[in-house]
Amino acid sequence: MEHALSLFVRSIFVDNMIFASFLGMCSYLAVSKNVKTSFGLGVAVTFVLLITVPANYLLQTKVLSEDGIFGQDLTYLSFILFIAVIAGIVQLVEMIVERFSPSLYSALGIFLPLIAVNCAIMGGCLFMQQRILMDPATSSQAIANIGDAFIYALGSGIGWLLAIVALAAIREKMAYTNVPKPLRGLGITFITVGLMAMAFMCFSGLNI
């Protein structure tokens, strides 16, 4: 239980996809102009992570590893197979959003199908692949079973959601402030993201 809690908290704050690894920055910067839209994209990314990371964990451990059903090391296929799983799940999410929330689907535009190539999703799967090799007794980052993979995916998704909603809230407020003309637009946004990343570095020494 302690390991699961530590893995969850670290995934949100210490190993945050945005502020620690700078993954998913394209959609992060482009969509974070409105809190409602940002929240919708964050939930979609979290949902995709929740399915793809555990699914790719099973694919890695039960199929591609030497202990898998084929009895030989097929990890060289992991990259392309991970992408195939992610693309399939994103297509499912796109259809669900279009069916139940057309306004959100319209607001997200091209960035919803682009979740398939969002490096935060692929990064989560590749980090999971690395953490399988870690020892849970010595590392709070280790992923030892499907439950750990689910917790890591949930924490990573919440961390990405927290980051994009926080930036969207700040950008909405900045629309009513007197930002110097040379810094308006992406200039002040980059500065804001840098300051947020520095703030999240305070969690780097967190150890549960």
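Quantities reported herein were computed from a predicted structural model and do not represent experimental measurements.
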Engineer: In the single-linkage hydrophobic clustering (I, L, V, M, F, W, Y; side-chain heavy atoms under 4.5 Å), do L133 and F79 co-cluster?
Structural biologist: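 Different hydrophobic clusters.
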Engineer: Can you see which heavy atom on S27 is nearest to which on N118, and at what distance?
Structural biologist: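 That closest heavy-atom pairing would be OG-ND2, 3.4 Å.
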Engineer: With rounding to the nearest 0.5 Å, note down the distance linking OG in S78 to CG in L126.
Structural biologist: 7.0 Å
Engineer: Looking only at non-hydrogen atoms, find the nearest pair between L161 and G42 and report the distance.
Structural biologist: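 What the structure gives for the nearest pair is CD1-CA, 3.6 Å.
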Engineer: Taking the side chain as every heavy atom from C-beta outward, state whether Q141 and R10 have any pair of such atoms under 4.5 Å apart.
Structural biologist: yes
Engineer: Within this structure, what is the OG-NE2 distance for the pair S139 and H3, rounded to the nearest 0.5 Å?
Structural biologist: 7.5 Å
Engineer: Would L50 end up clustered with L5 when hydrophobic side chains under 4.5 Å apart are linked, directly or stepwise?
Structural biologist: yes
Engineer: Taking C-beta and beyond as the side chain, do D148 and M128 meet within less than 4.5 Å on heavy atoms?
Structural biologist: no
Engineer: Looking only at heavy atoms, which two atoms of N34 and S38 are closest? And how far apart?
Structural biologist: O-OG, 2.8 Å
Engineer: So M134 and I143, do their side chains get closer than 4.5 Å, heavy atoms only?
Structural biologist: no
Engineer: Taking I121 as the starting point, is it possible to reach M95 by hopping between hydrophobic residues whose side chains are less than 4.5 Å apart?
Structural biologist: no
Engineer: Any chain of hydrophobic side-chain contacts (each under 4.5 Å) joining F100 to F47?
Structural biologist: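 No, F100 and F47 fall in different hydrophobic clusters.
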Engineer: Would T192 and R171 count as a side chain to side chain donor-acceptor pair (under 3.5 Å) here? Give the steps.
Structural biologist: CA-CA 9 Å; T192 303; R171 292 182 74 175; over 6 Å; no
Engineer: Nearest 0.5 Å please: distance from the CE atom of M122 over to the CD1 atom of I83.
Structural biologist: 4.5 Å
Engineer: Taking the side chain as every heavy atom from C-beta outward, state whether F150 and V53 have any atom pair closer than 4.5 Å.
Structural biologist: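 A side-chain contact is absent here, since even the closest heavy-atom pair is not under 4.5 Å.
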Engineer: Applying side-chain contact (heavy atoms from CB on, under 4.5 Å), run through T52 and C125 and close with a yes or a no.
Structural biologist: CA-CA 7 Å; T52 55; C125 294; 4.2 Å; yes
Engineer: Looking only at heavy atoms, what is the nearest atom pair of V85 and A55, with distance?
Structural biologist: CG1-CB, 4.2 Å
Engineer: For L58 and I146, what are the C-alpha separation, side-chain angles and deciding distance, and is it a side-chain contact (heavy atoms from CB on, under 4.5 Å)?
Structural biologist: CA-CA 7 Å; L58 293 175; I146 187 68; 3.8 Å; yes
Engineer: What distance do L183 atom CG and M174 atom CE have between them, rounded to the nearest 0.5 Å?
Structural biologist: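 CE of M174 is found 10.0 Å from CG of L183.
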Engineer: Please give me the minimum heavy-atom distance between A163 and N16, naming the atom from each residue.
Structural biologist: CB-OD1, 4.3 Å
Engineer: Please tell me if the side chains of L41 and I115 come closer than 4.5 Å, counting only heavy atoms from C-beta onward.
Structural biologist: yes
Engineer: Could you go through the side-chain contact (heavy atoms from CB on, under 4.5 Å) check for R131 and L7 one step at a time?
Structural biologist: CA-CA 11 Å; R131 292 171 183 225; L7 180 63; 3.7 Å; yes
Engineer: Tell me if the CD1 atom of I69 is crowded by more than 12 foreign heavy atoms within 6.0 Å.
Structural biologist: yes
Engineer: For the CG atom of L23 and the CE atom of M17, what is their distance to the nearest 0.5 Å?
Structural biologist: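 Output value for this atom pair is 6.0 Å.
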Engineer: How far apart are the C-alpha atoms of T75 and Q60, what are their side-chain angles, what is the distance that settles it, and do they pass the side chain to side chain donor-acceptor pair (under 3.5 Å) test?
Structural biologist: CA-CA 7 Å; T75 52; Q60 172 69 28; 5.5 Å; no
Engineer: From I170 CD1 over to T177 OG1, what is the distance, rounded to the nearest 0.5 angstrom?
Structural biologist: 11.0 Å
Engineer: Quick one: closest heavy-atom pair of R99 and P102, and the distance?
Structural biologist: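 Minimum heavy-atom separation between R99 and P102: O-CD, 4.5 Å.
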Engineer: Quick one: do V14 and F200 satisfy side-chain contact (heavy atoms from CB on, under 4.5 Å)? Show the steps, please.
Structural biologist: CA-CA 7 Å; V14 181; F200 265 72; over 6 Å; no
Engineer: Answer yes or no: is there a side-chain heavy-atom contact under 4.5 Å between F127 and D15?
Structural biologist: no
Engineer: Is the shortest side-chain heavy-atom distance between V193 and L29 below 4.5 Å?
Structural biologist: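 Result yes, sub-4.5 Å side-chain heavy-atom pair found.
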Engineer: Which of parallel (below 30°), tilted (30 to 60°) and perpendicular (above 60°) describes Y28 and F19?
Structural biologist: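 Rings of Y28 and F19: perpendicular, as their planes differ by over 60°.
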Engineer: When hydrophobic residues are tied together by side-chain contacts of less than 4.5 Å, even through go-betweens, does V63 share a cluster with I86?
Structural biologist: yes
Engineer: Within the 4.5 Å heavy-atom criterion, are L49 and Y152 side-chain neighbours or not?
Structural biologist: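 No, every pair of side-chain atoms sits at 4.5 Å or beyond.
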